[in-house]
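Structure, as structure tokens:
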2 protein chains.
Amino acid sequence: MYQRKIPIDYNCGLNVAMEVVGSKWKFCLLDEISKGTKRPKDLVNAVNGITKRVLQNQLKELEFHGLLGKTIYTEIPLRVEYFLTASGESLMPLIVAIDKWGLEFAPQLKKILETED
Amino acid sequence: MYQRKIPIDYNCGLNVAMEVVGSKWKFCLLDEISKGTKRPKDLVNAVNGITKRVLQNQLKELEFHGLLGKTIYTEIPLRVEYFLTASGESLMPLIVAIDKWGLEFAPQLKKILETED
DNA sequence: TCATACAGTGATAAATTAATCACCATAATG
DNA sequence: CATTATGGTGATTAATTTATCACTGTATGA
């Protein structure tokens, strides 16, 4: 994992939150996992546009930060399932609210971005 | 402003939200402005670590996306004040919640990051 | 033996965001 | 004229995040 050169400000909750979930895919992944999609191969399909490699990276970070846990079933072919930890769960209400806000804001953003030519 | 090469998915609220507020400083800035800090020079002081140049960029983007508005007073020295638009205001409850979550999560993150040597 | 499904990694490049540093402009003040 | 306060920009580099592509490994079934 990348070793930060610019340190985190632990006294700013917003900073801390951004550090662990402020990326292109993490919110979507947590959301999808909370909806019941647990296996990597299913997540790749469920999350539009993400690639396998990027997915693995994001899952690893989320696990490292303690928002996700995983269970390995020694079946063949191998089965791995990710799940939300308590910390991950505690984030869900926020994710739902952000998603809702984003959907409401989408038309406005679309309009703004399409106007500037 | 940078012209995206990888397009936004307007159907994913989380994606949309990340596009407009998913950056190192935006949440902090909106938070600070909502608390009454309005002028650039005061924001530079209030937001720990941000530089003048970066501040101006972030303010410009927030204004462009319609989360902030600004008033120019033709005084000398020049006085400019930023304020939250309705869209910006609608985001505040979320920002407060995220900040709170981040503060609660901070000790856990600190521990994790300090352990890995 | 060859192909398939699944999870995962290494090396590298491309995209994106943030930081640096040096500037411009206005008008007041000494 | 030199300095100060305020807001702002341009060019460039550094930092960070995402994406690509090619692999490894296990066991199964054709």
Side-chain angles (χ1 to χ4, degrees), chain A residues 1-9 14-15 18-29 33 37-65 68-83 113, chain B residues 1-9 14-15 18-29 33 37-65 68-83 113:
Chain A
M1 244 172 285
Y2 184 78
Q3 170 65 37
R4 297 201 84 51
K5 295 188 181 173
I6 298 171
I8 303 164
D9 178 359
L14 293 167
N15 231 202
M18 286 308 289
E19 178 64 18
V20 294
V21 290
S23 81
K24 183 170 176 182
W25 303 107
K26 285 177 182 168
F27 275 143
C28 296
L29 286 174
I33 289 170
T37 310
K38 309 175 176 194
R39 303 183 64 181
K41 65 148 189 154
D42 294 327
L43 286 166
V44 180
N45 294 325
V47 178
N48 196 294
I50 200 169
T51 63
K52 193 188 161 194
R53 186 64 173 103
V54 172
L55 173 70
Q56 298 280 13
N57 281 164
Q58 302 299 303
L59 290 174
K60 191 188 277 184
E61 286 182 18
L62 288 167
E63 194 193 354
F64 175 73
H65 286 146
L68 287 184
K70 78 172 169 181
T71 311
I72 301 174
Y73 298 87
T74 51
E75 301 173 0
I76 294 300
L78 191 54
R79 179 160 62 106
V80 172
E81 291 186 355
Y82 288 85
F83 58 87
L113 294 181
Chain B
M1 243 171 283
Y2 183 78
Q3 170 64 38
R4 297 200 86 50
K5 295 188 180 174
I6 298 171
I8 303 163
D9 179 357
L14 294 166
N15 230 203
M18 285 308 289
E19 177 64 19
V20 295
V21 291
S23 80
K24 184 170 176 182
W25 305 106
K26 285 177 183 168
F27 276 144
C28 296
L29 287 174
I33 290 171
T37 310
K38 308 174 177 196
R39 304 182 63 179
K41 65 149 188 153
D42 294 328
L43 287 166
V44 180
N45 294 325
V47 179
N48 197 294
I50 199 169
T51 63
K52 192 187 161 194
R53 186 65 173 101
V54 172
L55 173 69
Q56 298 281 12
N57 281 165
Q58 301 299 303
L59 290 174
K60 191 188 278 185
E61 287 182 16
L62 288 167
E63 194 193 352
F64 175 71
H65 286 147
L68 287 183
K70 77 172 168 180
T71 311
I72 301 174
Y73 297 88
T74 51
E75 301 173 359
I76 294 301
L78 190 55
R79 178 160 63 105
V80 172
E81 290 187 356
Y82 286 85
F83 57 87
L113 294 181

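To find a chain, count down the sequence lines: A is the first, B the second, and so on, and within it residues start at 1.
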Original post:
Base, sugar-phosphate, or nothing: which does B:Lys52 touch, judged by heavy atoms less than 4.0 Å apart?
Top reply: base
Subject >> Any B:Trp25 side-chain N or O less than 4.0 Å from OP1/OP2 of C:dA19 >> reply: yes
Original post:
Does D:dT6 have OP1 or OP2 sitting under 4.0 Å from an N or O in the side chain of B:Lys41?
Top reply: yes
**OP:** Return the 5'-most residue of the pair B:Pro77, A:Glu19 with respect to DNA chain D, ranking by each residue's nearest nucleotide.
**Re:** B:Pro77
Original post:
So does B:Tyr82 get a side-chain nitrogen or oxygen closer than 4.0 Å to the phosphate oxygens (OP1/OP2) of D:dG8?
Top reply: yes
**OP:** Give one of base, sugar-phosphate or nothing for A:Ile6, where a contact means two heavy atoms less than 4.0 Å apart.
**Re:** sugar-phosphate
Original post:
With sugar-phosphate meaning primed atoms plus P, OP1 and OP2, does A:Ser23 contact a base, only sugar-phosphate, or nothing at under 4.0 Å between heavy atoms?
Top reply: sugar-phosphate
Subject >> Rounded interatomic separation in angstrom, taking CG from A:Leu62 and P from D:dT17 >> reply: 13 Å
Original post:
Under 3.5 Å, is there a donor-acceptor pair between the side chain of A:Asn15 and the main chain of A:Asp9?
Top reply: yes
Subject >> Gap between atoms CG and P, on B:Asn57 and C:dT16 respectively (whole Å) >> reply: 17 Å
**OP:** Could you say whether B:Val54 or B:Lys5 is positioned toward the 5' end of DNA chain C, judged by the nucleotide with the nearest heavy atom to each?
**Re:** B:Lys5
**OP:** Starting at CG of A:Leu43, measure out to CH2 of A:Trp25 and round the result to the nearest 0.5 Å.
**Re:** 12.0 Å
Original post:
To the nearest Å, how far apart are B:Lys38 NZ and D:dG7 C1'?
Top reply: 18 Å
Original post:
Between B:Asp42 (side chain) and B:Lys38 (backbone), is there a donor-acceptor pair under 3.5 Å?
Top reply: no
Original post:
Which of these nucleotides, D:dA19, C:dA7, D:dG8, is closest to any side-chain atom of A:Lys24?
Top reply: D:dA19
**OP:** Would you mind reading off the distance between B:Leu43 atom CG and D:dT6 atom C1', rounded to a whole angstrom?
**Re:** 13 Å
Original post:
Nearest-Å distance, CD1 (A:Ile50) to P (D:dT18)?
Top reply: 9 Å
Original post:
Side chains of A:Val80 and A:Tyr73: closer than 4.5 Å at any heavy-atom pair?
Top reply: no
Original post:
Below 4.5 Å, heavy atoms only, C-beta onward: do B:Glu81 and B:Lys70 meet side chain to side chain?
Top reply: no
**OP:** Identify which nucleotide among D:dT18, C:dA7, D:dT20 has an atom closest to any side-chain atom of A:Gln58, counting heavy atoms from C-beta outward.
**Re:** D:dT18
Subject >> Integer-rounded Å distance: D:dT18 P and B:Arg4 CZ >> reply: 10 Å
Subject >> Side-chain donor or acceptor of A:Arg4 paired with backbone N/O of A:Ile6 under 3.5 Å >> reply: yes
Original post:
Does a side-chain N or O from B:Lys70 land closer than 4.0 Å to OP1 or OP2 of D:dG7, or not?
Top reply: no
Subject >> Distance in angstrom units between B:Arg53 CZ and D:dA11 C1', rounded >> reply: 9 Å
Original post:
So, is B:Arg39 close to the D:dG7 phosphate, meaning a side-chain N or O under 4.0 Å from OP1 or OP2?
Top reply: yes
Original post:
Phosphate oxygens OP1/OP2 of D:dT9: is one of them under 4.0 Å from a side-chain N or O of B:Lys60?
Top reply: yes
Original post:
Taking OP1 and OP2 of C:dA7, is either one under 4.0 Å from a side-chain nitrogen or oxygen of A:Gln56?
Top reply: no
Original post:
Rounded to the Å, how far apart are B:Tyr2 OH and D:dA11 P?
Top reply: 17 Å
Original post:
Of A:Pro7 and A:Leu78, whose closest DNA chain D nucleotide lies nearer the 5' terminus?
Top reply: A:Pro7
